[in-house]
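Just follow the structure's listing: the first ligand is 1, and inside any ligand the first atom is 1.
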Amino acid sequence: MSTALVISAHSADFVWRCGGAIALHAEKGIDVTIVCLSYGERGESAKLWKNAGATLEGVKAARRKEAEAAAAALGAADIQFFDCGDYPLELDRDAKFRLVDVIRKVQPDFMLSHSMEDPYNTDHPYATRIALECRMIAQAWGHNPGEKVLGAPQLYLFEPHQTEQCAWKPDTILDITPVWKKKKAAIECMEGQQHLWDYYTNVAENRANQFRRNSGGQAGGREAKYAEGFQSIFPRTVDAL
Ligand SMILES: [Zn+2]
């Protein structure tokens with residue numbers, strides 16, 4: 001059984017940025033685990049805070065419910081909430097080791113997280129640094145000797161909100177047309193961020209245009225209506241180009 005692991009700073013990021021990848025691989029029989037390091041309760045829940053009588057616990061509970069519904073719509077195998085707090089997101093040593101435990105248990109064939117930079121949202125690159133740090137610890141033979149050590153899963157960086165400011169440059173475009181309905185259903189679970197629904201539909205349509213162009217364009221390019229872009233960190237090991 002193949003597996004994948006998504007590390008999301010806030011509880012909705014995985015939906016906009018790699019919901020299609022989650023649904024597509026789930027349909028291929030790959031167990032996808034999602035870790036939400038926080039609920040995005042303080043920084044990404046403005047609409048919920050506008051409700052009279054909103055409380056931190058209430059907002060967290062609503063965000064958890066939305067994220068669980070979205071994960072189910074995408075067919076994810078598991079979703080875990082670390083509740084580390086947001087704006088700022090911070091993980092202590094114990095929380096890092098908890099994430100290492102998840103990585104070693106899942107033994108992902110590939111991982112997904114945020115861009116390496118994001119001046120608008122420092123929680124996002126922080127999550128990526130944590131993903132890389134915990135991937136490294138999971139590979140260390142001296143960490144909890146006797147456990148199964150991690151191999152070398154690729155880390156794909158999913159698309160940030162404003163790519164140019166985040167120094168994010170995709171090298172992989174994934175056709176998510178077959179699962180677009182699932183991604184759309186997951187997007188519509190995020191009722192607190194309705195202002196993003198159309199935006200991320202447009203992003204998927206534009207990436208699909210680039211999928212067509214990069215798969216051959218007018219000279220035999222493959223049709224695609226919706227796509228997601230990713231930037232990979234590590235080199236691929238191949239026997240032929
Ligand atoms: Zn976020």
Side-chain angles (χ1 to χ4, degrees), residues 4-23 32-50 54 56 59-71 73-74 76 79-91 95-96 99 102 111-134 155-168 170 183-184 186-204 207 228-231 233:
L5 178 66
V6 181
I7 297 174
S8 185
H10 311 110
S11 65
D13 290 317
F14 71 88
V15 177
W16 323 112
R17 315 190 187 293
C18 65
I22 294 170
V32 184
T33 296
I34 302 163
V35 170
C36 296
L37 298 176
S38 78
Y39 295 105
E41 63 271 20
R42 284 156 44 90
E44 298 186 1
S45 306
K47 196 177 166 205
L48 297 172
W49 281 109
K50 286 176 188 169
L56 190 66
V59 170
K60 277 159 73 165
R63 293 280 289 177
R64 183 183 178 118
K65 224 172 131 195
E66 287 180 356
E68 284 173 340
L74 297 171
I79 181 162
Q80 300 187 25
F81 299 92
F82 275 36
D83 194 13
C84 293
D86 71 324
Y87 288 65
L89 172 66
E90 284 171 335
L91 270 74
K96 287 177 186 175
L99 184 56
V102 173
M111 297 167 62
L112 290 149
S113 198
H114 296 260
S115 54
M116 296 292 284
E117 293 179 33
D118 190 340
Y120 298 99
N121 194 318
T122 57
D123 286 0
H124 291 164
Y126 179 81
T128 315
R129 281 202 303 281
I130 293 291
L132 285 166
E133 192 178 0
C134 292
L155 177 65
Y156 289 104
L157 310 182
F158 45 61
E159 182 153 357
H161 195 65
Q162 293 193 40
T163 57
E164 295 87 346
Q165 275 69 30
C166 299
W168 179 88
K183 177 162 181 176
K184 191 160 182 283
I187 283 176
E188 290 173 1
C189 292
M190 311 322 289
E191 292 172 22
Q193 289 167 294
Q194 212 167 341
H195 61 292
L196 294 177
W197 293 7
D198 285 347
Y199 183 91
Y200 280 100
T201 301
N202 293 339
V203 168
R207 292 295 172 210
E228 285 173 345
F230 299 95
Q231 179 180 340
I233 291 288

Measure from the Zn ion (ligand 1) to each N, O or S atom of His114 and report whether any distance is below 2.8 Å. no
With the Zn ion (ligand 1) as the apex, the OD2/OE1 angle for Asp13 and Glu44 - to 10°: 110°
Starting from the Zn ion (ligand 1), look over the N/O/S atoms of His10 and name the nearest one. ND1
Name of whichever N/O/S atom of His124 is nearest to the Zn ion (ligand 1): NE2
After noting the C-alpha distance and the side-chain angles of Gln162 and Tyr120, does the key distance pass the side chain to side chain donor-acceptor pair (under 3.5 Å) rule? CA-CA 9 Å; Gln162 293 193 40; Tyr120 298 99; 3.1 Å; yes
Between Tyr200 and His161, is the gap from one ring center to the other below 6.0 Å? yes
Atom of Leu48, atom of Ala62 and distance for their closest heavy-atom approach: CD1-CB, 4.1 Å
Has the side chain of Glu228 got a donor or acceptor atom that lies under 3.5 Å from a matching backbone atom of Ala21? yes
